[in-house]
Amino acid sequence: MDTSTMRAERLRSHRLSAPARTIAEAARHMLATQAQEFWGGRWAIAQRTRGTPTLSDVDAAFDRGEIVRSWTMRGTIHLIPAEDLSWVLSLTADRQHRQMAGVRRVEAIDDAELDRAEAATRAALAGGNRLTRKELAEVWEGAGVSTAKQRGYHLLVALSLRGAICQGPVVARAEGPTREQYLVLTEEWIRDPAIPADPLAELFVRYIASHGPAGARDFAWWTSLPLGVARQAAERAGDRLAVVADEPEPMYVAGPAPRRAASAPEVLALPPFEEYYLSYVDRTVPCAPEFLSAIGPSMNGIVRPIIVVRGEAVGVWTHSVAVGRHADDPVPELFAPGAATEAEVAASLDRYKAFITG
């Protein structure tokens, strides 16, 4: 498959050229959308939804309980449909726990400490209560569980991986984009969790449906599951997939693919940690090799917002979501002048500006 065809098919799988009807449908299609930059994850879903959804529209989906955030894979926080959180964690949480064992030893967080923190958390949140991260840290301190240094963060991640808590409704922020969510008990907030017949096969199919054409190595990177497990997942999902290339390894798609929309823009301003760019072993499909270092991941793990023209990353852009600055104009920086007109780039950034101020 040549590069231009690969890009076109991935744009469609990502719903960047075939947007979904609703925010919830876009999130369900993507399954897990990287969102440690909270505004970025919300913009990623808005870009995959028809019309001109605003930040407030995405926040309303959180408040309705349609979507949540949690550490679903790779020790990284993702936006995910609420119904899918538990079964995804059933596949990925143990590996994340093992990967974090060293830092927990340094912070003196053992299972007994986690049990104390979880008991205090459940008591504080039971009955539909919700707390900010700061308020929950105060609960832990009151129960004799220290949050000094990085302990509070690692307690939060560990209890999220246990499936005890997740990040649900947004916390209002005056005169600027919301940056925080309330923590809630997963079992109370998510009333009707999905239970796939074969979770591993389901995870592979959902990844391919939202990221294909892609293969087992890409899936292994995305989930941080071992390559052998990824190949097992591909085998178990085989009757739900089609092979579109087989060298050096099989590349799959899942059908039926979303229908392309003639009105979908060809120039896109995509968020930091964008799934279309990041979620593959080989990122030279969406980006020329000489520009990869300018996008990232950098030494500190940052992946910058990108400008994509017909599936190719041709630049980056910057914007502040600080109070008083979120209405400023985003600033583009093109690697390949002439890849798009000034008007096309401006239009892509105007769509983002309308989103973040709405």
Side-chain angles (χ1 to χ4, degrees), residues 10 13-14 27-36 41 44 68-104 154 157-164 166 186 193-246 248-254 273-283 285-286 297 301 303:
R10 285 185 177 175
S13 293
H14 278 267
R28 190 175 302 115
H29 177 82
M30 294 303 296
L31 181 59
T33 304
Q34 197 155 332
Q36 67 266 52
V68 296
R69 279 199 310 162
S70 193
W71 284 265
T72 57
M73 57 193 75
R74 304 196 312 274
T76 299
I77 195 165
H78 288 74
L79 180 159
I80 186 170
E83 64 187 16
D84 292 314
L85 177 61
S86 293
W87 72 263
V88 170
L89 285 177
S90 75
L91 296 169
T92 63
D94 284 349
R95 188 167 179 83
Q96 293 186 83
H97 277 303
R98 291 195 299 271
Q99 291 168 337
M100 297 173 184
V103 70
R104 288 186 192 156
H154 292 296
V157 175
L159 294 185
S160 297
L161 293 179
R162 282 187 170 194
C166 62
T186 301
I195 308 174
D198 185 340
L200 184 60
E202 179 73 9
L203 187 60
F204 193 84
V205 170
R206 297 280 287 275
Y207 169 74
I208 295 299
S210 56
H211 293 73
R217 289 184 183 275
D218 300 309
F219 175 80
W221 186 92
W222 189 65
T223 59
S224 196
L225 294 173
L227 181 57
V229 174
R231 288 172 173 159
Q232 180 186 2
E235 183 177 351
R236 285 159 60 169
D239 61 348
R240 300 168 63 186
L241 304 171
V243 177
V244 293
D246 55 12
E249 290 190 286
M251 299 284 282
Y252 304 93
V253 295
F273 304 99
E274 165 57 41
E275 292 281 326
Y276 174 76
Y277 169 82
L278 186 62
S279 301
Y280 305 91
V281 173
D282 179 10
R283 299 186 186 114
V285 173
V303 180

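For the numbers below, each heavy atom of this structure counts, side chains included, while hydrogens, waters and symmetry mates do not. For this chain, numbers begin at 1 and follow the sequence in order.
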Whether the side chain of S90 engages the backbone of W87 through a donor-acceptor N/O pair (distance < 3.5 Å, no angle test) should be reported. yes
Look only at the side chain of T186 and the backbone of G163, and say whether a donor-acceptor pair between them is shorter than 3.5 Å. yes
Looking at every non-hydrogen atom in both residues, tell me the closest pair between R28 and P81 and how far apart they are. CA-CG, 3.5 Å
Could you pull out the closest heavy-atom pair between L79 and A27, with the gap in Å? CD2-CB, 4.0 Å
Which class fits the ring pair Y276 and H14: parallel under 30°, tilted 30 to 60°, perpendicular over 60°? perpendicular
Do any pairs count as a salt bridge (Lys or Arg N to Asp or Glu O under 4.0 Å) and have a residue in residues 211-225, sequence neighbours left out, and if so which ones? R217-E249
Separation between CD of E202 and OH of Y207, rounded to the nearest 0.5 Å: 15.5 Å
Show the nearest heavy-atom pair for residues A194 and D84, with the distance to one decimal. CB-OD1, 4.0 Å
Is there side-chain contact between T76 and F273, with at least one heavy-atom pair below 4.5 Å? no
Would Y252 and V205 count as a side-chain contact (heavy atoms from CB on, under 4.5 Å) here? Give the steps. CA-CA 9 Å; Y252 304 93; V205 170; over 6 Å; no
Return yes when atom CD of E235 has more than 12 non-hydrogen atoms of other residues, nucleotides or ligands closer than 6.0 Å, and no otherwise. no
With distance as the sole test, does E275 use its side chain to make a donor-acceptor pair with the main-chain N or O of Q34 at under 3.5 Å? yes
Of all the heavy-atom pairs spanning W222 and L203, show the shortest one and how long it is. CZ3-CD1, 4.2 Å
Using the rule given for side-chain contact (heavy atoms from CB on, under 4.5 Å), can you reason through V303 versus Y277, listing the C-alpha separation, both sets of side-chain angles and the distance that settles it, and then say yes or no? CA-CA 9 Å; V303 180; Y277 169 82; 4.0 Å; yes
Name of the residue among M73, Q99, Q96 meeting side-chain contact (heavy atoms from CB on, under 4.5 Å) with S224: Q99
Determine the minimum heavy-atom distance between D239 and R236, stating which atoms define it. OD1-O, 4.3 Å
Any donor-acceptor pair under 3.5 Å from T33 side chain to G41 backbone: no
If I compare all heavy atoms of W71 with all of L89, which pair ends up nearest, and what's the gap? O-CD2, 3.5 Å
Rounded to the nearest 0.5 Å, what separates atom CG in L278 from atom CH2 in W221? 4.0 Å
More than 12 non-hydrogen atoms from neighbouring residues, nucleotides or ligands closer than 6.0 Å to CG on L227, yes or no? yes
Answer yes or no: is there a side-chain heavy-atom contact under 4.5 Å between V229 and F204? no
CZ/R74 to OG1/T223 distance, rounded to the nearest 0.5 angstrom? 8.5 Å
So, taking the atom named CD1 in I80 and the one named SG in C166, what distance separates them when rounded to the nearest 0.5 Å? 10.0 Å
Are the side chain of H211 and the backbone of R206 linked by a donor-acceptor contact shorter than 3.5 Å? no
